[in-house]
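It should be emphasised that the depicted structure is a prediction, and the values quoted were computed from it without experimental measurement.
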Amino acid sequence: MKILVTIIFILLSVQLPVLSSVIPTPHGMKVTLRTPIVPVLSGRKHSPSESITIVSDKKTTFNNLKLDFQGTTDYRDIEEVAIYTSSNGKEFTETNCVGISATKGKSSIRIPLSCSINPDTINLWVGITLKDSINLNHKLRINLTEISTNNGTFRLPAQKDVNTGMHRIGIALHCKGEEGVSTCRIPGIVTASDNSLIAIFDARRENARDLQGDIDIAFKRSIDGGSTWSSMHNILDMGNWGGLPQRYNGVSDACIVKDPITNRIFVAGLWMHGALDKDGKWIEGLDEKSNYWIHQWKGKGSQPGIGVKETCQFIIAFSDDNGITWSKPRNITAETKRNEWWLYAPAPGQGLALRNGAIIIPSQGRDENGLPFSNITYSLDHGETWSASNPAWKNVTECNAVELSNGDIMLNMRDNRNRGHIYPNGRRICVSSDLGMNWQEHPTSRHALVEPTCMASLYRHNYLTSKGGKASVLLFVNPDDYKTRHNLTLKASFDDGMTWHKQNSILFDETQSMGYSSITSVDPQTIGILYESGLADLVFIHISLDEIMNSPKNANYKSSNSKSK
C-alpha cells in the first residue's frame, strides 16, 4: 500500500519537503506518517513531532500505540509523550489529548488511547515533553512500531531511512503569555567574553503589535551554551518618562554588539515617546486610557528633527560584566540622525566589530521624503561617540553586516521590491571600503538569497582548517521563500558571499512565523540561532559546523570528529 507523503504543517500553503516511508497494514487500514522539519522543544509542554493519519474502512477502536526512540541520542531527554487528535491533520493543537504516558528513560513506550473511527479518518499528532535542562547537540527520533485496535494488532516495519522521524532539539525561550509578557519578538544574540550567551528581544507586554506600545528591550542569559536560560530582565525600559504611561514610551528593534577589545557589550534600540497625529504633530493629553496608535514607519509617525516630540529616538546601553548588569540608556539621536530625516533607528539583530577596532551597528531610517533606507552607525572610539554613514540604498530597511576578507563592509538588506515577486527576487547587497561614505552594489544583489521581504541575519563564523590555520564562513538565515515567511534555512558561503551553494543549506524549521533570526558562535564547532518560530515566540537551536561543511570544496575543514591534531 502506498502512503501519501505530503506534509502541511501549521496552515502552510505550499508543499514542503518531508521524510516519509511506506507502511503496509492489513484489514483495510491505511497509515500515513509525516515528519515535519521542526525542532522538538524543551520549555514547551508538548512539542509536536510526528503526524499520523489512519484511514479505516470499518469501525475501529484504538487500544494503544507503541513508539520507540531508537536513534535518539539519550532516551532520558524525553519525559513524556502525548497523543492529540487533529481535525485535519495539518495543525497541531493541545486541545484534545487521547493518550499520554511518561517514558521513565525507556527506549520504547506503549501509550493507551481513547479514540475510535466508524469508518473514517483519524489524524493524530505525537507531542513530546523534554526535560528542562538538555544538551542541544542531541537528536531525537520517534518511530511508530505498533498499532493495537479491536480488529487486531498491526506491527509496522522498521524505517529504512535513518533520518525518518529524526529531529534536532531546541529551547523555547518564550511562549505567548509567559512571565507576564504577551509576546516576545525581534531576536538578537551575542556570545560574551566569558562564553555566556545574551539573547535580546522585544518584550511586548500587552499585545503582539509593533510600536507604539508597552514594549521594553529585555534579555535572557545562558551560561551553559543555551541549554538553560535565566528569567527575563530589562535593558532598555523608559518607564513613565515625560509623564506618559509605558504604552507611550515603547522601545523596540534592538541590535546587540560586542567590542572584542574592551569586552563591552552594547544594545541599541528605538524609543518612541508619545505619538504624532496624521499630520506629524505632537498629540497632547495621552494617558493610560488612551488607545491612539501610530507606527514609526507608518504615515508621519516619526518626523524631521531630533526632539522627543518630533521623532523617534536612537538610544543605547552597555554592559561591562558580560550582560549581568546594564547602564542607563543614553540618547545618541543628536549624534547620528540628520535633522531632515524622518526616522533613524538601529536595525534589529547583531552588529559587528571590524579588525581595525570600529564598532558597527547596522541601521535604517526614512529620508527627507519619508522613504526608507539602510546604512550603518559606527564608533571609532569604543562607543564614546557614534556617527551615521550615508544611505546604502533606498526602499530597503532591516539589514545585517559583515566584514569581508579585504576589510570592506558588506550590508545585506531587506528590499521592499521583493515583496511577493518570484523574479527578480533577492536581498539587496552593497559594500563599502570607507565606513559607508560611499557604497557599491555587490554582484549578487537581487540575484541570490531569495526573501519574502523579511528581516534576515548575516554572520561570519571563524574556524580552524585541518592544518591548524584560520578560516571563516559567512552564514545567512531567513525564510527561504519569495512569498511566505516559512522554511527558516541556514545557508553558507565560503567565498565572501559570492556563492551560496545548495549543499551547504540546512532547512531547520518549516513552520510559518514572523521569521526574524540572529546568529552567534557558541564555540568554534557550534552555531547558535535565536529565531521566531511557529512553535514558540522565540526558539534557540544549535547547528554543528560539521553539518554545515557538507561540501567537497571544504577539504581543509578540520572536523570536530577528526583524529588529526
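- When ring centroids are compared, Trp229 and His174 stay outside the 6.0 Å threshold.
- Not one N or O on the side chain of Asp259 forms a donor-acceptor pair closer than 3.5 Å with the backbone of Asn263.
- Between Phe508 and Tyr531, the ring center distance clears the sub-6.0 Å criterion.
- Classification of Lys328 and Asp237 as a salt-bridged pair fails, no side-chain N sitting under 4.0 Å from a carboxylate O.
- Residues Asn322 and Ser193 bring a donor and an acceptor atom of their side chains to less than 3.5 Å of each other.
- Between the side chains of His233 and Ser231, at least one donor N or O lies within less than 3.5 Å of an accepting N or O.
- How far OH of Tyr516 is from SG of Cys454: 5.5 Å, rounded to the nearest 0.5 Å.
- No side-chain donor-acceptor contact under 3.5 Å links Asn412 and Asn400.
- Under 3.5 Å, the side chains of Ser432 and Asp434 contain a donor-acceptor pair of N or O atoms.
- Between the side chains of Thr444 and His442, at least one donor N or O lies within less than 3.5 Å of an accepting N or O.
- In this structure, the ring of Phe373 has its center less than 6.0 angstrom from the ring center of Trp341.
- Heavy-atom minimum distance, Thr453 versus Arg485: O-NH2, 3.1 Å.
- Scanning all heavy atoms of the two residues, the minimum distance from Ser374 to Cys399 falls at CB-SG, 3.9 Å.
- Between Arg330 and Glu335 there is a salt bridge, with a side-chain nitrogen of the basic residue lying less than 4.0 Å from a carboxylate oxygen of the acidic one.
- No side-chain N or O of Arg221 forms a donor-acceptor pair with one of Ser230 less than 3.5 Å apart.
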Dump the intermediate steps for side chain to side chain donor-acceptor pair (under 3.5 Å) on Ser493 and Asp495, then the final yes or no.
CA-CA 6 Å; Ser493 173; Asp495 55 9; 2.8 Å; yes
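- Checked by atom type and distance alone, the side chain of Ser517 never pairs as donor or acceptor with a backbone atom of Leu530 at under 3.5 Å.
- Using modelled atom types, one finds no donor on one side chain facing an acceptor on the other under 3.5 Å when comparing Asp367 with Trp342.
- Between Thr311 and Ser302, the side chains place a donor N or O and an acceptor N or O closer than 3.5 Å (distance only, hydrogens not considered).
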task: Go through the steps to decide whether Asp202 and Arg204 satisfy the test salt bridge (charged side-chain N to carboxylate O under 4.0 Å, His left out), and finish with yes or no.
output: CA-CA 6 Å; Asp202 281 16; Arg204 302 187 173 187; 3.0 Å; yes
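- When ring centroids are compared, Tyr248 and Trp241 stay outside the 6.0 Å threshold.
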